[in-house]
Number of protein chains: 2
Amino acid sequence: MGATIRDVARAAGVSPSTVSRALAMSDLVSPATIERVRRAAASLGYEPNPVARGLITGRTGNLGMIVPDLGNPFFPGVVKGVQARAREADYAVFVADTDEDAALEARLVRKLAKQVDALVLCSSRLTDDELRAVAADVALVLLNRKVDDIPAIVPDNADGMRQAIAHLAALGHRRVGVTAGPVSSWTGSERVAGLRAAARTAGVDLVELGNFAPTFQGGVAAADIVLAAGVSAVVAYNDVMALGLMNRFAARGVSVPADISVVGCDDIPLAAMSNPPLTTVAVPKEPLGRAGVDLVRRLLEREEGLTPRLALDTQLLVRGTTGPVRPG
Amino acid sequence: MGATIRDVARAAGVSPSTVSRALAMSDLVSPATIERVRRAAASLGYEPNPVARGLITGRTGNLGMIVPDLGNPFFPGVVKGVQARAREADYAVFVADTDEDAALEARLVRKLAKQVDALVLCSSRLTDDELRAVAADVALVLLNRKVDDIPAIVPDNADGMRQAIAHLAALGHRRVGVTAGPVSSWTGSERVAGLRAAARTAGVDLVELGNFAPTFQGGVAAADIVLAAGVSAVVAYNDVMALGLMNRFAARGVSVPADISVVGCDDIPLAAMSNPPLTTVAVPKEPLGRAGVDLVRRLLEREEGLTPRLALDTQLLVRGTTGPVRPG
DNA sequence: ATGAAAGCGCTAACAT
DNA sequence: ATGTTAGCGCTTTCAT
C-alpha cells in the first residue's frame with residue numbers, strides 16, 4: 001500500500017503538518033524544509049490520499065457526470081466537452097451511465113453525490129421534484145433540462161426546430177411529420193413544442209406520429225407509420241432515429257430525398273457519414289459540456305451565486321436528405 | 001448538507017456505533033433498536049458517507065474504468081458490460097476517457113486509484129512497465145491487453161483473423177490488404193500477427209498497407225492507398241476505419257463487394273446499419289466487460305488469487321461487404 | 001445488546 | 001517556521 005503522510009514526515013524528520021504544508025506549496029515553510037520533504041515524498045512514492053483530504057476540506061477534486069446512454073453518440077460528445085474543461089481546472093470526471101433508467105439514475109446520484117464536488121446531469125430522466133431534492137444536497141448543474149432555477153445549460157431547441165420548418169417550407173413542404181422521442185424526455189417536449197409553434201407560423205401542417213424509442217430500431221419501427229401518414233417530410237427526435245427511418249425507407253424502396261425529406265437532430269458524427277448525408281439540427285455538444293463545467297466552477301466559487309442559465313445556439317445543417325417537395 | 005451518523009444516533013437515542021451496526025444489519029442489535037434507528041435515518045434522509053467509510057474499511061464500493069475514447073462505439077459496449085455486472089455486485093462504476101492520450105491516462109489512473117476498490121483498464125495505452133507499477137498499487141484488471149500475469153481478459157483476435165482470411169480465401173481472394181491501427185495498439189499488433197499467420201497457412205498474400213488512425217477519417221485516408229495496392233480485399237483494424245474506407249470507395253466509384261471486399265473488426269452497432277452491411281469480426285463487448293468485473297471480484301475476494309486470464313471467442317459475421325473475387 | 005474510545009489519512013486551528 | 005491538537009464521518013475493538 002501507499003505511504004502515508006506520517007511516513008514522509010518521519011523520513012524528512014518533520015511533523016505531518018509540515019509535510020502537508022510543504023506539499024501544498026504554502027509559503028510558510030522554509031525552502032530547505034520544502035526541499036527535504038519533497039525528496040522524502042518522492043523517494044517513498046507518496047501520493048496524498050484524496051479521500052482523506054476530501055473528508056476534511058470538503059473538496060474532492062472530482063466531478064460527477066451522469067448520462068442516460070453512452071451508446072447514443074450524442075452523449076460521448078457532451079462528455080468530452082465536460083472532460084476537456086474539467087481537465088483544465090484539474091478536476092477528474094467520473095462518468096456514469098444510467099441505461100435510460102430513472103431509478104438507477106437516482107441511485108447513482110446518491111452514490112456519487114458524496115464523492116464529488118459537483119454533479120453534472122445530462123438529459124436527466126428524474127422528475128422535477130427529485131432534481132430539486134438533489135440540488136439541495138449537492139452542487140448541481142443540469143444539461144438539456146430546466147427545473148426552477150437550478151443552474152442549467154440548454155440548447156435553443158425551439159429555434160432549431162424553427163430553422164428546420166422554415167427550410168422545409170421553403171422547399172414546398174406543407175405536410176410535415178414528426179416522430180417524437182420518449183414521453184419522459186424534456187428535450188423531446190421542447191422540440192415538439194418548437195415544431196408546433198414554427199409550423200403554425202409557417203403555415204405548415206404538423207402531423208404528430210407518436211412517440212418512439214430514441215434508437216435506430218425506434219426509427220425503423222416508426223418508418224412505416226411515417227409512410228402511411230402521407231407526409232412529404234419528417235423531423236425525427238434525433239439523428240439515430242432518423243437513420244433508422246432512412247434504413248427502413250430504403251428497404252421499402254422509398255428514396256430520400258426524392259420521395260420524402262428527412263431531418264434529424266443533434267448532428268452526431270454518424271449523420272455526416274450516412275448516404276445521403278443527413279440534414280440535421282446541430283446541437284453544440286462539446287460546448288454544452290464545457291459550459292456546464294464553467295457553471296460548476298462559478299457555482300463552487302461564489303457560494304450561492306445567482307442561478308445562471310445559458311441557452312446555446314442550435315444550427316440547421318442542410319445536407320442530402322432534404323429536397324424540394326415532389327409535384328403531385 | 002446531509003445528516004451524519006451522529007444526528008441519527010441522537011434522534012434514535014442511541015450511540016453512533018449502534019447506528020452503524022443497526023444499518024449494517026448486524027445481528028448483534030436488538031430488532032427494536034434496529035427499527036428505531038432505521039426510522040430515524042429515514043426521516044433525516046441519512047445516507048452513510050462512503051468516503052468516510054472507505055477511509056476506515058479500505059473499501060469504497062467503487063470501480064474505476066478507463067477507456068481511450070468513448071466516441072469510438074466499441075468502448076461504450078464494454079462499459080455497459082462492466083456497469084451491468086458491477087451493478088449486480090452493488091458497485092458504482094466511474095468511467096474516465098483518456099482521449100487516446102497515454103499521459104492523461106497515467107494521471108487518471110493515479111487520481112482514481114485511491115478512490116476505487118479496483119481499476120479496469122480497457123485497451124490501455126500505457127507501457128508494460130507503467131502497467132506493472134499500477135498493478136502494484138491497486139487491484140487491476142486489463143481488458144484487451146496482456147502484461148505478465150496481471151489479470152486480463154482478451155478476445156481471441158488471432159482466431160478472428162483466421163476466420164476472416166479463411167472466408168476471403170474461400171471466396172477466391174489471393175491478395176488481401178490490411179490497414180493497421182495505431183502502432184501503440186496492443187490489439188492491433190495481435191490482429192496483424194494473426195493475419196500474417198493465417199495468410200501464410202491459407203496461401204494468401206498479405207499486403208500490409210501501413211498504420212492509420214482508428215477513425216472514420218483514418219479509413220478515408222487509407223482508402224486510396226488500398227486501391228493503389230491492387231488488392232481484391234482489405235481487412236481494416238476496426239469497423240470505424242472500415243466505414244471510412246467504404247465511404248471513400250463509394251466516392252471514387254469503387255463498389256463493394258463487387259470491386260473490392262471489406263472486412264472490419266469489432267462489430268459496432270453501426271456495422272450492421274451501413275449499406276451494404278459490414279462483414280466484421282465480432283468481439284463480444286458486453287461479455288468482455290462482464291468478465292472483467294468477475295475477475296475484479298475474484299481478485300478482491302481471495303487475496304492474491306492465481307492470476308486468471310480469459311480469452312473470449314471472436315466470431316466472423318459475414319454480411320454484405322465480402323463477395324467472390326472478380327475474374328480477371 | 002449497547003456505549004466509549006481509538007483511529008483511518010489528512011488538514012486547519014492554535015500554539016509556540 | 002514548525003509542532004501539537006483536534007476532528008472530518010465513519011467503523012471497530014474493547015468494555016460493559
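- Within the structure, salt bridge (charged side-chain N to carboxylate O under 4.0 Å, His left out) pairs that include any residue of residues 9-20 of chain B comprise B:D7-B:R10 (at least two apart or interchain).
- A side-chain donor-acceptor contact under 3.5 Å links A:T33 and A:S30.
- The residue B:S17 sits close to a base: some heavy atom pair falls under 4.0 Å.
- The nearest whole Å value for the distance from the CG atom in B:L23 to the C1' atom in C:dT2 is 15 Å.
- For B:I5 and C:dG3, the CD1 to P distance is 12 Å, given to the nearest whole Å.
- The CZ atom of A:R10 sits 16 Å away from the C1' atom of D:dG3 (whole-angstrom rounding).
- The ring-ring contact (aromatic ring centres under 6.0 Å, His included) contacts involving residues 110-152 of chain A comprise nothing, where partners must be two or more places apart or lie in separate chains.
- Projected onto DNA chain C by closest heavy-atom contact, B:T33 and A:T4 fall at different nucleotides, the more 5' of which corresponds to B:T33.
- Side-chain N/O atoms of B:T18 include one lying less than 4.0 angstrom from OP1 or OP2 on C:dG3.
- At C:dC8, one or more side-chain N or O atoms of A:R6 fall inside 4.0 Å of OP1 or OP2 (strictly under the cut-off).
- The CZ-C1' distance, from A:R59 to D:dC8, rounds to 16 Å in whole Å.
- Every side chain to side chain contact (heavy atoms under 4.5 Å, CB included) that A:A89 has, sequence neighbours left out, goes to A:Y91, A:R297.
- In this entry the distance linking CZ of A:R36 with P of D:dT2 reads 7 Å, nearest Å.
- Contact check of residues 43-56 of chain B against DNA chain C (heavy atom, cut-off under 4.0 Å) returns B:L55, B:I56.
- In terms of the salt bridge (Lys or Arg N to Asp or Glu O under 4.0 Å) criterion, residue partners of A:K80 (sequence neighbours excluded) are, by chain and number, B:D69, B:D97, B:D99.
- Atom-to-atom, CG of B:D7 to C1' of D:dC8 comes out at 13 Å; the value is rounded to the nearest Å.
- When rounded to the nearest whole Å, the span between CZ of A:R21 and C1' of D:dT5 equals 12 Å.
- Comment: B:E286 does not engage B:R290 in a salt bridge, judged by the lack of any side-chain N to carboxylate O separation of less than 4.0 angstrom.
- Evaluation of the ring-ring contact (aromatic ring centres under 6.0 Å, His included) test over residues 98-118 of chain B, restricted to residues two or more places apart or in two chains, returns none.
- Taking only side-chain nitrogens and oxygens, B:S20 never comes nearer than 4.0 Å to OP1 or OP2 of D:dT12.
- Residue pairs meeting the ring-ring contact (aromatic ring centres under 6.0 Å, His included) criterion with at least one member in residues 55-77 of chain A: none, sequence neighbours excluded.
- Sorted by first and then second residue, the pairs that involve residues 45-58 of chain B and meet side chain to side chain donor-acceptor pair (under 3.5 Å), not counting sequence neighbours, are A:R110-B:E47.
- Axis angle, first five pairs versus last five pairs of the helix from C:dA1-D:dT16 to C:dT16-D:dA1: 50°, rounded to 10°.
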